[in-house]
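Below: one structure, written as structure tokens.
The sequence lines fix the lettering, A, B, ..., with proteins before strands; numbering per chain opens at 1.
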There are 2 protein chains.
Amino acid sequence: MVEAGHKPRRAPTEREILDAALGLLDTGGRPAASIRRIAAAVGVAPTTVYTFFPDRTAVECALIERLLGAVRIGGGGSWREAVEAIALDLRQRLVAHPGVVPLLLSGPLDGPHAQRIADCLLELLGASGLDPRSAARASYALMVFVLGAIALETFDAPRAMIGRAGPDRYLWGLRRMLDGVEAEAKLH
Amino acid sequence: MVEAGHKPRRAPTEREILDAALGLLDTGGRPAASIRRIAAAVGVAPTTVYTFFPDRTAVECALIERLLGAVRIGGGGSWREAVEAIALDLRQRLVAHPGVVPLLLSGPLDGPHAQRIADCLLELLGASGLDPRSAARASYALMVFVLGAIALETFDAPRAMIGRAGPDRYLWGLRRMLDGVEAEAKLH
DNA sequence: ACCTGAACACCGTTCAAGT
DNA sequence: ACCTGAACACCGTTCAAGT
């Protein structure tokens, strides 16, 4: 009962907007996360969202960046162990929000946190003994596998949460890829 | 000058509708391929499309199936050569239509032609010496890599056709994966 | 059967106006 | 600065009606 004025419903944070977007994405997938519904969830007029983000894709990119920012990188152990750890963490965080995954694969994926992960992967593969050119190819191949696997695992489970198959086949494929990369590194 | 009646603009074929959808997808990406624009391109009322397809996703699925149906499978040579040939053909056909790729990764991918390719892959990997369980994992891993690579290669190039990088790094990653799979097969 | 226009319930985004 | 309602140009989809 702060006041009776019904116009300024209280200034929303950028964080509140992203929280609302993530919630809608989780429950109803991409079509549910419209600017209008996000605004309604925050309790604000649709146009207010444009005070914080230039357009809808900017909201989606910011959300992706926030999720990628939470990924832990750079743990100890061998380069293989470190790569596996990143891949598992990435999978776990994205599978928890299946509605976000389609955005990830149809967007530019060029934010600072995406870069941070790509750079880390490249550095780890450089430490494997591969020449820089092959290390770049290997880090690209790993990113492809990780994102592809997450996409295939979640693409029709945004609501059913069927994807409880566990990371078994994910890890199997990842390790075959790493086997191939390691064998290539040992050739030189 | 067949007639002056302006209502029945001539019955469109299912094929004509898919052609129009593909054209719009190629030039303007997913948002350009709306039911209304497809209908306009064919020269028909929007509602007429619903005579042939129950909804928009059905149009998209049919288009994906048509593209996958053109993929050649089952050439001669070793299982590795056959897998590589399928992967290259799949890439070539999808990269030629970048606008279709996002649909592919956010749809069910359960049509008969998608099944045909998956079955062929599974059979080839069974011939590699892997036990059935590992062959299934390997065919899943390969599908993941192929679709993920195509997605990453095309996701921001639906209009610029930048993706002339060629299949080099695609083939490199594919071969590392096959190296790992082959090594696993030889263990048993 | 096949195709139509009108209508419904939505979109993203812009803009002039209010505080 | 920040937030608003009204408006514009779209969507997918349904439906009663025409041939």
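Atom P of nucleotide C:dC15 and atom OH of A:Tyr50 are separated by 12 Å, given to the nearest angstrom. For the pair A:Glu60 CD and C:dG12 P, the computed distance is 9 Å after rounding to whole Å. Atom CZ of B:Arg36 is separated from atom P of C:dC11 by 15 Å (rounded to the nearest Å). To the nearest angstrom, P of D:dG12 lies 6 Å from CD1 of B:Ile35. Atom CZ of B:Arg30 and atom P of C:dC11 are 15 Å apart (whole Å). At whole-Å resolution of the value, CZ in B:Phe52 and P in D:dG12 are 18 Å apart.
Between B:Ala33 and B:Leu25 the shortest heavy-atom distance is CB-CD1, 3.6 Å. Across all non-hydrogen atoms, the minimal contact from B:Gly74 to B:Cys120 is N-SG, 4.3 Å.
Contact check, A:Thr48 against D:dT4: a side-chain N or O comes under 4.0 Å of OP1 or OP2. Contact check, B:Arg37 against D:dC10: no side-chain N or O comes under 4.0 Å of OP1 or OP2.
With DNA chain D read from its 5' end, the first of the two nearest nucleotides for B:Ala33 and A:Thr47 is the one closest to A:Thr47. If you find the closest nucleotide of DNA chain C to A:Ala32 and to A:Pro54, the one lying nearer the 5' end belongs to A:Ala32.
Checked for salt-bridge contact, B:Asp131 and B:Arg137 miss the test: no charged N lies under 4.0 Å from a carboxylate O. Using a 4.0 Å cut-off between a side-chain N of Lys or Arg and a carboxylate O of Asp or Glu, A:Asp179 and A:Arg80 qualify as a salt bridge.
Using a 4.0 Å heavy-atom cutoff across all strands shown, B:Phe53 reaches no nucleic acid atom at all. Within the nucleic acid shown, A:Arg56 comes within 4.0 Å of sugar-phosphate atoms alone, with no base atom in reach, counting heavy atoms only.
Donor-acceptor pairing under 3.5 Å, judged by distance alone, is absent between the side chain of A:Ser34 and the base of C:dG12.
Nucleotide D:dG5 is matched to C:dC15 when pairs are restricted to Watson-Crick or G-U wobble geometry with both distances under 3.5 angstrom.
Side-chain atoms of A:Arg91 never come within 3.5 Å of backbone atoms of A:Ala149 as a donor-acceptor pair (strictly under, hydrogens ignored).
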